[in-house]
Amino acid sequence: MKQRLMTPGPTPVPEETLLELARPVTYHRSGPFRELLKQVTDDLQYLFRTENLVATLTASGTGGMEAALASTVPAGAKVICLVAGRWGERWRNLARALGLDVVSVAVPYGQAVPPRHLAEALRLHPDAKAVCATLCETATGVKNDIAAYGLLVAATPALLLVDSISGLGCVECRTDEWHIDLNVTGSQKALMLPPGLAFVSVSDKAWEVMDAAAGAPAFYFDLRRYRDALATGDSPFTPAVSLVRALKVSLARIRAEGIEAVWEKYARIAAAARAGVQAMNLELFAQAPAESLTVARVPEGIDGNVLLNRLEKQYGIKLAGGQDTLKGKIFRLAHMGHIDAFDVLTALSALELVLLEMGHDVEPGAGVAAFQRVLAESVAAPQAV
Ligand SMILES: *Cc1c(COP(=O)(O)O)cnc(C)c1O
């Protein structure tokens with residue numbers, strides 16, 4: 001049976017990238033590797049929409065988050081964490097582990113954190129050194145308004161740290177225009193790579209904070225080491241050379257398509273997926289949905305774990321379920337990276353079949369038809385001009 005990985009990380013890797021990964025390992029203290037690092041750093045700046053340096057770390061996404069926080073905020077200092085789900089909680093738990101004084105601004109699962117809640121927190125805590133936010137809350141499918149947070153934080157001495165791990169490269173994200181000081185992403189979501197690399201962009205405001213500090217409570221994750229090494233085209237530690245070569249392949253694909261075109265493509269697919277899910281008499285979970293995944297509630301009377309198991313065992317479609325308290329209650333369907341409109345259509349049609357089998361009230365083909373209708377409308381529009 002053909003297997004389709006449709007989880008919001010890891011995501012499928014294109015064949016040309018897999019072939020690159022199969023090539024022999026090369027030495028990193030060399031002219032060709034410095035040239036490669038220069039090229040991918042330039043491509044990452046294009047992807048991040050930034051003039052700032054983007055550091056490439058060998059770590060999963062959380063390593064990038066830890067580097068951003070440990071490098072900029074000294075132990076005991078105050079940070080504001082915006083929490084809309086498990087990944088906002090990751091920032092909060094990370095900050096606590098680093099000995100920071102955490103102000104948590106939380107909303108119920110399924111909602112985005114309103115910018116006015118941040119404005120209020122900044123007013124009450126003018127001594128906050130940083131604000132930690134999440135572009136796409138992958139646990140609930142919500143997108144937060146990073147541009148609005150950026151305007152608020154830029155007016156203060158605090159730094160804005162954003163986890164854009166399940167968004168960047170799929171969902172509109174403008175690092176410089178939105179005043180993001182440290183923007184963190186990972187390789188295994190929209191960038192069509194295996195897990196293993198994290199990327200962190202750093203603003204001048206953030207470098208000033210780091211340079212004024214005595215030192216970070218970190219060695220491997222001290223971002224200054226990455227800046228200093230990059231000045232000579234190097235990486236401070238042994239980089240994941242094969243993954244960096246594969247990264248070049250991914251970034252070339254994105255550049256060839258154009259980042260704005262990628263954002264628009266996923267906005268259309270996401271709108272079609274939401275229409276498809278609703279036409280199957282399912283309720284969307286996210287109030288402000290992200291373009292990188294669709295999250296819906298499992299209907300009353302249906303066991304979400306059984307639903308996902310059947311999708312995988314009978315049709316080879318791997319969706320993600322809910323985590324922690326949402327286990328069995330929601331399912332999460334990714335559309336980012338190397339997942340295209342027809343992969344999503346396939347997943348929706350299999351979902352329809354399993355829901356029918358399990359006794360849910362759905363008209364066969366209803367979800368597929370709604371998906372096609374929305375996609376047809378959005379694709380027809382530009383051609384009509
Ligand atoms: C997937 C994801 C992460 C993952 O972190 P890892 O350390 O790579 O497991 C972090 N934040 C968000 C929003 C994610 O979607």
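Start at 1 with the first residue, then count along the sequence.
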Neighbour count above 12 (heavy atom, 6.0 Å) for [X] [atom1]:
{"X": "E15", "atom1": "CD", "answer": "no"}
{"X": "K265", "atom1": "NZ", "answer": "yes"}
{"X": "D361", "atom1": "CG", "answer": "no"}

### Query
Between M192 and I254, is a side chain to side chain contact (heavy atoms under 4.5 Å, CB included) present by the stated rule, with each step listed?
CA-CA 10 Å; M192 307 173 273; I254 294 174; 3.9 Å; yes
So, taking the atom named [atom1] in [X] and the one named [atom2] in [Y], what distance separates them when rounded to the nearest 0.5 Å?
{"X": "L98", "Y": "E66", "atom1": "CG", "atom2": "CD", "result": "5.5 Å"}
{"X": "W87", "Y": "Q323", "atom1": "CH2", "atom2": "CD", "result": "6.5 Å"}
{"X": "E363", "Y": "L356", "atom1": "CD", "atom2": "CG", "result": "8.5 Å"}
{"X": "F331", "Y": "N305", "atom1": "CZ", "atom2": "CG", "result": "13.5 Å"}
{"X": "K327", "Y": "L308", "atom1": "NZ", "atom2": "CG", "result": "9.0 Å"}
{"X": "L351", "Y": "L307", "atom1": "CG", "atom2": "CG", "result": "6.0 Å"}

[Y] backbone acceptor or donor facing [X] side chain under 3.5 Å:
{"X": "H360", "Y": "M280", "answer": "yes"}
{"X": "S187", "Y": "P194", "answer": "yes"}
{"X": "R297", "Y": "I330", "answer": "no"}
{"X": "Y315", "Y": "M1", "answer": "no"}
{"X": "N144", "Y": "I146", "answer": "no"}
{"X": "D127", "Y": "K78", "answer": "no"}
{"X": "E137", "Y": "A112", "answer": "no"}
{"X": "S71", "Y": "A68", "answer": "no"}
{"X": "S250", "Y": "L247", "answer": "no"}
{"X": "D343", "Y": "D340", "answer": "yes"}

Between [X] and [Y], what is the shortest heavy-atom contact and its length?
{"X": "L319", "Y": "R332", "result": "CB-O, 3.7 Å"}
{"X": "S203", "Y": "I180", "result": "CB-O, 4.3 Å"}
{"X": "P115", "Y": "L152", "result": "O-CD1, 3.4 Å"}
{"X": "R92", "Y": "S104", "result": "CD-OG, 3.8 Å"}
{"X": "H335", "Y": "E291", "result": "ND1-O, 2.9 Å"}
{"X": "A275", "Y": "A370", "result": "O-CB, 3.6 Å"}

### Message
Check for me, please, whether L333 and L353 land in the same ILVMFWY cluster - side-chain distances under 4.5 Å, paths through other members count.
### Response
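Yes, it is one cluster - the side chains of L333 and L353 are joined through contacts under 4.5 Å.
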### Query
Is there a path from L57 to Y220 through hydrophobic residues (I, L, V, M, F, W, Y) whose side chains come within less than 4.5 Å of each other?
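Looking at the clustering, Y220 is in the same group as L57.
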So [Y] and [X], do their side chains get closer than 4.5 Å, heavy atoms only?
{"X": "T56", "Y": "S235", "result": "no"}
{"X": "W178", "Y": "L160", "result": "no"}
{"X": "R274", "Y": "P289", "result": "yes"}
{"X": "L82", "Y": "H117", "result": "no"}
{"X": "F371", "Y": "V344", "result": "yes"}
{"X": "V244", "Y": "H28", "result": "no"}
{"X": "L191", "Y": "F199", "result": "yes"}
{"X": "T58", "Y": "L243", "result": "no"}

Salt bridge flag under 4.0 Å for residues [X] and [Y]:
{"X": "K248", "Y": "D43", "value": "no"}
{"X": "R90", "Y": "D163", "value": "no"}
{"X": "R123", "Y": "E120", "value": "yes"}

### CA sep, side-chain torsions, deciding dist, call: M65, I165, side chain to side chain contact (heavy atoms under 4.5 Å, CB included)
CA-CA 10 Å; M65 295 166 75; I165 295 171; 4.0 Å; yes
### Stepwise salt bridge (Lys or Arg N to Asp or Glu O under 4.0 Å) test for R86 and E89
CA-CA 5 Å; R86 182 194 178 95; E89 289 160 10; over 6 Å; no
### Task
Dump the intermediate steps for side chain to side chain donor-acceptor pair (under 3.5 Å) on R253 and T17, then the final yes or no.
CA-CA 10 Å; R253 275 176 94 101; T17 309; 5.4 Å; no
### Message
Can you confirm if the NZ or CZ of R49 lies within 45° of the ring axis of Y46 and under 6.0 Å from the centre of its six-membered ring?
### Response
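Cation-pi check for R49 and Y46: passes.
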### Query
Given L151 and H179, is the side chain to side chain contact (heavy atoms under 4.5 Å, CB included) satisfied, shown in steps?
CA-CA 7 Å; L151 280 179; H179 310 286; 4.2 Å; yes
#### Entry: Of N52, V54, V184, the residue whose pairing with V200 passes side chain to side chain contact (heavy atoms under 4.5 Å, CB included)
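Of N52, V54, V184, side chain to side chain contact (heavy atoms under 4.5 Å, CB included) with V200 is met by V184 alone.
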### Task
Could you go through the side chain to side chain contact (heavy atoms under 4.5 Å, CB included) check for V83 and V113 one step at a time?
CA-CA 7 Å; V83 181; V113 180; 6.0 Å; no
### Message
Is a donor from one side chain sitting under 3.5 angstrom from an acceptor on the other, for N183 and S164?
### Response
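Yes, side-chain donor-acceptor contact under 3.5 Å.
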### Query
Is there a donor in the side chain of S166 and an acceptor in the side chain of T138, or the other way round, less than 3.5 Å apart?
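Looking only at side-chain atoms, T138 and S166 do form a donor-acceptor pair, the distance falling under 3.5 Å.
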### Task
Assign the ring pair F237 / F219 to parallel, tilted or perpendicular, where the plane angle (0 to 90°) is split at 30° and 60°.
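Judged by the thresholds at 30° and 60°, the geometry between F237 and F219 is tilted.
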